[in-house]
Structures are given as C-alpha cells and as structure tokens.
Amino acid sequence: MGLFDTHAHLYDKAFDGDRDAVIARIFKTLDYVVIPSEDVTTSRKAVALAEKYERIYAAVGIHPQVTKEASEDAMRELADMAKSHSKVKAIGEIGLDYYYLYTDKETQKYWFARQIEMAKDLDLPILIHDRDAHGDTLSILKEYQSPKLRGILHCFSGSIETARELMKLGFYISFAGPVVFPKSIKLKEVAKEIPMDRLLIETDSPYLTPPPHRGKRNDPSNVVYVAQEIARLKHMAIEDVIAQTRKNALDIYHIHEQ
C-alpha cells in the first residue's frame, strides 16, 4: 500500500525536461497523485496528464493570485472539463491569497465564491489555497455551507482553532513540506491535534521541498518525509500514517480502486 500525494503541480515548467522520467520514478513508491490547476491553461495540462497516466487525477480551477483574469467563459470551460473527464476529481486550487495581492481582495473573494458555487453544482470537492486570509476564507466557507460543500485545506498554515472550524464544515486538513521544517513549531503542534481521519499529506511540487532535500526541486516522492514527520509527531508507525492518509484521500476525491 503506497503513498498518496494529494497536491502536486506536475505540469509545471520545472518538470519540462524530465516529466515522464519523474512520473515513472515516483510511482515506484506512490499509488496516486492529484494535480491541481491555476488557470484554464494549466487545467487543460492537468487533465491531459491525468488522461495519460492511470494513477494521476486532476483538479481544475483558477488560483486566487490570477483571478483578475477570470471570466464566465473560463468558468464554462472548467465546468465542461469536469463534466467530460471522469478523472477530474475536484475544483481547485481556489481560495484567497493576501500575501502578494496580485489580484485585489474583492476580486479574489468574488471568484472564490463563484468557484465554490460551481463545485457545488458539479458535486465536487474544492481544494483551497489560503495564505494570510484565514478569517475571510472561513467566513466565505461558512456562508456557502451545505451538504455538498467539502474539500481540502491545502498546505495548511492556520491555527488549530481555524482547523477545528474547517473540519466542522466537512474539510480535510493537508500538510506539506513546511510541517517538516525544524522551525515550524506552531504548525507541528497543529498537526499533532488533527484527527487522523481528517488528515492528508502532499508536496505542492515543485515547491516547498522538505528536508533533507531543501533547495532542490520538489517532487511527489518527497511526500514520504511529510508522512514520516506526521508519524513522529503522533507517535505512530509510518505505515499507519500512509494507510490512513491514503484512505482519506480516496474518500474525499471519490476514487474507487479496481
């Protein structure tokens, strides 16, 4: 039973020189990877990779940093992709990013809500990017709360109080490379408190490479270091962490194994 990287940008230009070789290598230790998207172009690329490789799945969506370029035409194309490709398993990554503000806050909030509505219409989970926007992210999710609203807080960086509110709304909490960083003391404390049936692991490749490979390109094979750190924090066997996070990912993405 292998690892499940719930969030890796394998279409990224960082993999242009050796993408097929990387994918062949990672599936020696992983069972599944989900590729989130940032805009219509990367959504097309994610879907193409999912169609090409049996154990890769895709999410389609518009990242908050580029929502100033969003349009209803883009929404229609994303919805069409989700409807016509069975390997599209989520809408994302969507959300709010107040760190860079490449797009103003009101525009980000509008398209976050619009994509939540689309996900509910399609009955798909959402993959949330939340950077320095915990309050507004939670407020919008509460506003749109319904039995169909569910998903993943990707690369979680908030407090345990925020995580508890999100879990009440039906969300999973996903940890990436930063939970392995020695200085991430608060994040480690949060990870300890997340129930295992609500916890996921990811790499956010090619970004956020965990030790011992800091400074190098990240790829999904490094999700094992996130699993190791969760196991250490929770005093569990790594095999149990791998098995539970894999089950959680299959559940939220609604992937049925053959």
Could you measure the distance from the [atom1] atom of [X] to the [atom2] atom of [Y]? Nearest 0.5 Å is fine.
| X | Y | atom1 | atom2 | result |
| --- | --- | --- | --- | --- |
| Leu208 | Cys155 | CG | SG | 5.0 Å |
| Met118 | Ile126 | CE | CD1 | 10.5 Å |
| Trp111 | Thr67 | CH2 | OG1 | 9.0 Å |
| Thr245 | Tyr172 | OG1 | OH | 11.5 Å |
| Arg55 | Ile26 | CZ | CD1 | 9.0 Å |
| Leu169 | Lys142 | CG | NZ | 7.0 Å |

In plain terms, say whether [X] and [Y] are close enough for a salt bridge, that is, a side-chain N and a carboxylate O under 4.0 Å apart.
| X | Y | value |
| --- | --- | --- |
| Lys186 | Glu189 | no |
| Asp73 | Arg76 | yes |
| Lys120 | Asp123 | no |
| Glu165 | Lys168 | yes |
| Asp240 | Lys234 | no |
| Arg25 | Asp20 | no |

Going only through I, L, V, M, F, W and Y residues with side-chain contacts under 4.5 Å, is there a path from [X] to [Y]?
| X | Y | answer |
| --- | --- | --- |
| Leu49 | Tyr32 | no |
| Ile255 | Phe171 | no |
| Met196 | Ile252 | no |
| Ile94 | Val47 | yes |
| Phe175 | Leu250 | no |

For this session: Using the side-chain contact (heavy atoms from CB on, under 4.5 Å) rule, take Arg44 and Glu77 through it: C-alpha gap first, then chi angles, then the decisive distance, then the call.
Result: CA-CA 10 Å; Arg44 294 180 192 135; Glu77 183 168 351; 2.7 Å; yes

Please check: side-chain N/O of [X] versus main-chain N/O of [Y], any donor-acceptor pairing under 3.5 Å?
| X | Y | answer |
| --- | --- | --- |
| Lys105 | Leu96 | no |
| Tyr253 | Thr6 | yes |
| Arg19 | Asp12 | yes |
| Ser184 | Val179 | no |
| Asp5 | Val33 | no |
| Asp18 | Val22 | no |
| Asn222 | Thr203 | no |
| Asp204 | Tyr207 | no |
| Asp31 | Phe4 | no |
| Thr209 | Lys216 | yes |

[X] side chain to [Y] side chain, donor-acceptor N/O pair below 3.5 angstrom:
| X | Y | value |
| --- | --- | --- |
| Asp39 | His63 | no |
| Gln244 | Asn248 | yes |
| Glu202 | Ser174 | yes |

Close side-chain approach of [X] to [Y], heavy-atom, < 4.5 Å:
| X | Y | answer |
| --- | --- | --- |
| Glu72 | Arg114 | yes |
| Ile23 | Tyr53 | yes |
| Met81 | Ser43 | yes |
| Pro211 | Phe181 | yes |
| His254 | Leu124 | no |
| Ile128 | His154 | no |
| Ile230 | Met236 | no |
| Asp97 | Gln108 | yes |

For this session: Apply the test side-chain contact (heavy atoms from CB on, under 4.5 Å) to residues Thr29 and Val224: give CA-CA distance (whole Å), side-chain angles for both, the deciding distance (0.1 Å), then the verdict.
Result: CA-CA 9 Å; Thr29 54; Val224 68; over 6 Å; no

Exercise. Just checking, Lys87 and Tyr57: is the charged tip under 6.0 Å from the six-membered ring centre and within 45° of the axis?
Worked result: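 Flagged: Lys87 positioned over aromatic ring of Tyr57.
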
For this session: With Arg131 as the cation and Tyr99 as the aromatic partner, state whether NZ or CZ is under 6.0 Å from the six-membered ring centre and within 45° of the axis.
Result: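 Satisfied, under 6.0 Å and within 45°.
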
Between [X] and [Y], what is the shortest heavy-atom contact and its length?
| X | Y | value |
| --- | --- | --- |
| Leu199 | Ala191 | CD1-O, 4.0 Å |
| Leu149 | Leu141 | CD2-O, 3.3 Å |
| Pro64 | Glu93 | CD-O, 4.2 Å |
| Ala113 | Tyr144 | CB-OH, 3.5 Å |
| Val60 | Ser37 | CA-OG, 3.9 Å |
| Ala70 | Ile62 | CB-CD1, 3.9 Å |

Exercise. Can you name the one residue among Thr42, Thr41, Val40 that meets side chain to side chain contact (heavy atoms under 4.5 Å, CB included) with Glu38?
Worked result: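 Considering Thr42, Thr41, Val40, a side chain to side chain contact (heavy atoms under 4.5 Å, CB included) with Glu38 is found only for Thr42.
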
Problem set entry | salt bridge (charged side-chain N to carboxylate O under 4.0 Å, His left out) against Asp251, all qualifying residues, sequence neighbours excluded |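 Partners of Asp251 by the salt bridge (charged side-chain N to carboxylate O under 4.0 Å, His left out) criterion, ordered by chain and then number, come out as Lys247.
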
For this session: Report the C-alpha separation of Thr137 and Phe112 in whole Å, then their side-chain angles, then the decisive distance to 0.1 Å, and conclude whether the side-chain contact (heavy atoms from CB on, under 4.5 Å) test is met.
Result: CA-CA 9 Å; Thr137 298; Phe112 182 26; 4.2 Å; yes

Exercise. When the ring planes of Tyr102 and Tyr100 are compared, do they come out parallel, tilted or perpendicular, using 30° and 60° as the limits?
Worked result: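 The rings of Tyr102 and Tyr100 lie parallel, inter-plane angle below 30°.
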
Exercise. Under the salt bridge (Lys or Arg N to Asp or Glu O under 4.0 Å) criterion, do Arg246 and Glu257 qualify, and how do the steps go?
Worked result: CA-CA 12 Å; Arg246 182 183 186 277; Glu257 296 192 283; 2.5 Å; yes

For this session: Please report the C-alpha distance between Phe15 and His9 in whole Å, then the side-chain angles of each, then the deciding distance to 0.1 Å, and finally whether the ring-ring contact (aromatic ring centres under 6.0 Å, His included) criterion is met.
Result: CA-CA 9 Å; Phe15 298 107; His9 299 273; 9.7 Å; no

Exercise. Does CD belonging to Glu117 count more than 12 external heavy atoms closer than 6.0 Å?
Worked result: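 Yes - once you tally the heavy atoms of other residues, nucleotides and ligands closer than 6.0 Å, there are more than 12.
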
Exercise. Does NE2 belonging to His213 count more than 12 external heavy atoms closer than 6.0 Å?
Worked result: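 Yes - once you tally the heavy atoms of other residues, nucleotides and ligands closer than 6.0 Å, there are more than 12.
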
For this session: Verify side-chain contact (heavy atoms from CB on, under 4.5 Å) between Ile116 and Ile91, making sure each step is shown before the conclusion.
Result: CA-CA 8 Å; Ile116 290 172; Ile91 300 300; over 6 Å; no

